[in-house]
Protein chains: 2
Amino acid sequence: MNIGRASAESGISAKMIRYYESIGLIPAASRSEGGYREYSDNDVHTLRFIRRARDLGFTVEQMVELLALWRDRKRASADVKRIALKHVEELERKARELREMSGTLKHLAEHCKGNDRPDCPIIAELAEEAGQPARPSSGRRRFGPMAAGLTTGRSTSGRPARS
Amino acid sequence: MNIGRASAESGISAKMIRYYESIGLIPAASRSEGGYREYSDNDVHTLRFIRRARDLGFTVEQMVELLALWRDRKRASADVKRIALKHVEELERKARELREMSGTLKHLAEHCKGNDRPDCPIIAELAEEAGQPARPSSGRRRFGPMAAGLTTGRSTSGRPARS
DNA sequence: CCTTGACCTTCCCATTATTGGAAGCCCCAC
DNA sequence: GTGGGGCTTCCAATAATGGGAAGGTCAAGG
């Protein structure tokens, strides 16, 4: 089958299938006379594996590992468990941070009258000259570029959500 | 003061200060004879405001709004509250999704013996041919490109973690 | 047989926030 | 007066994905 079909059957866009091939997550597909990529049911099987892993928030890098373990009949389940647990830890840490942030904000918002007067503790807090003189350009970064890798808005966030 | 000093005092890297200027989050700084950017204490004040907002997970886009509100003495606190609460909702949703993911994974990992035998329900789950034939190339996407915007690994994930 | 349209190909660009590097000025302390 | 470090700009990369252009292929219909 061609890439469109494989895409429909696996739930991964054709674009991403080509991308995954380009970065080596999946081997290069064989081509038809006309240069079209050809996929077998087995390939689709692999693609679905990838889709599920992706839906669980695994990064491509982790998927490389998982795929190798999947294909290796002699793999030790301990390896899989290790990867999974490491991922669980990451997810939990990120969830915790998110909850802390939302808690702080919520608290601030609760003390914000929400009327048309300019008093607002949220702004006040942000403007406050408090604490240490700030660690020098700590360069603290956020998540990884794509952060947690959640299957977000599904139907909700189809739009680019910005300009 | 020059950008290095402003960076140290605000906790935002010089690189990011220039970046914020380039995208219009902050106005272009005046320049010294030698072409160096010059910052006042007030500018540093603004930069710290930005740093705090960033630490609370606000995106640049949201910071633009917050800064405008901050600078506008006649602002309505209702606007600030609205933005904050919307952000809280987002954060909570993301945290919830993360917890769901980690829960699923944890459950799977608990049933994985973790020995040197190849049996592993994690792999089995991923490989399973179950369910619907997968919604056609749904193109479901994850978070925004930078997802939640947490102050992540601090010391943990400093490394590029790849290649 | 040839056209049409759906599908495929590659390549490039954009997104987000941030860091890294290179090449080349500038400035202050010694 | 000079050396090293700070400053400047521009370019690239990151992760994952979408969007589009320009052009080739395939299958069905006229």
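Any value given below was found using the heavy atoms of this structure, including those in side chains, with hydrogens, waters and symmetry copies removed. In the text below, chain A, chain B and the rest are named by the order of the sequence lines, each starting its count at 1.
The backbone N or O of B/A6 lies less than 3.5 Å from a partner atom in the side chain of B/S10, making a donor-acceptor pair.
Annotation: of the two residues near DNA chain D, A/Y19 and A/Y36, the 5′-most nearest-nucleotide partner is A/Y19. Annotation: of the two residues near DNA chain C, B/V60 and B/E33, the 5′-most nearest-nucleotide partner is B/V60.
Considering only the side chain of A/S32, D/dC26 comes nearest among C/dT19, D/dA16, D/dC26. Comparing C/dC11, C/dA17, C/dG21 by their nearest atom to the side chain of B/K15 picks out C/dG21.
Following rounding to the nearest Å, B/Y39 (OH) and D/dC7 (P) show an atom-to-atom distance of 10 Å. For A/I23 and D/dT14, the CD1 to P distance is 11 Å, given to the nearest whole Å. One can place CD1 of B/I12 at 13 Å from P of C/dA17, the figure rounded to the nearest angstrom. A/E21 places its CD atom 14 Å from the P atom of C/dC8, with the value rounded to the nearest Å. Distance A/E38 CD to C/dT9 C1': 14 Å, rounded to the nearest Å. Atoms CZ (A/R5) and P (D/dC26) sit 18 Å apart, rounded to a whole Å. With rounding to whole Å, B/M1 atom CE is found 12 Å from D/dC7 atom P. Atom CE of B/M16 is separated from atom P of D/dC7 by 17 Å (rounded to the nearest Å).
Between A/N2 and C/dC7, a side-chain N or O to OP1/OP2 separation shorter than 4.0 Å is absent. Phosphate contact (OP1/OP2 of D/dG24, side-chain N/O of A/R31, threshold under 4.0 Å): absent. In this structure, B/R37 does not reach the D/dG6 phosphate: none of its side-chain N or O atoms is under 4.0 Å from OP1 or OP2. Contact check, B/R54 against C/dA17: no side-chain N or O comes under 4.0 Å of OP1 or OP2. Phosphate proximity of D/dG18 to A/S13: present, with a side-chain N or O under 4.0 Å from OP1 or OP2.
Counting heavy atoms from C-beta outward, A/N2 and A/E38 have side chains that stay 4.5 Å or more apart. Within the 4.5 Å cutoff, the side chain of B/E21 has heavy atoms near those of the B/R37 side chain.
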Please walk me through it: do A/Y20 and A/V60 pass side-chain contact (heavy atoms from CB on, under 4.5 Å)?
-> CA-CA 9 Å; A/Y20 289 148; A/V60 167; 4.1 Å; yes
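A/S40 and A/D43 are linked by a side-chain donor-acceptor pair at a separation below 3.5 angstrom, with hydrogens and angles left out of the test.
Note on B/R18: a base of the nucleic acid sits closer than 4.0 angstrom, heavy atoms only.
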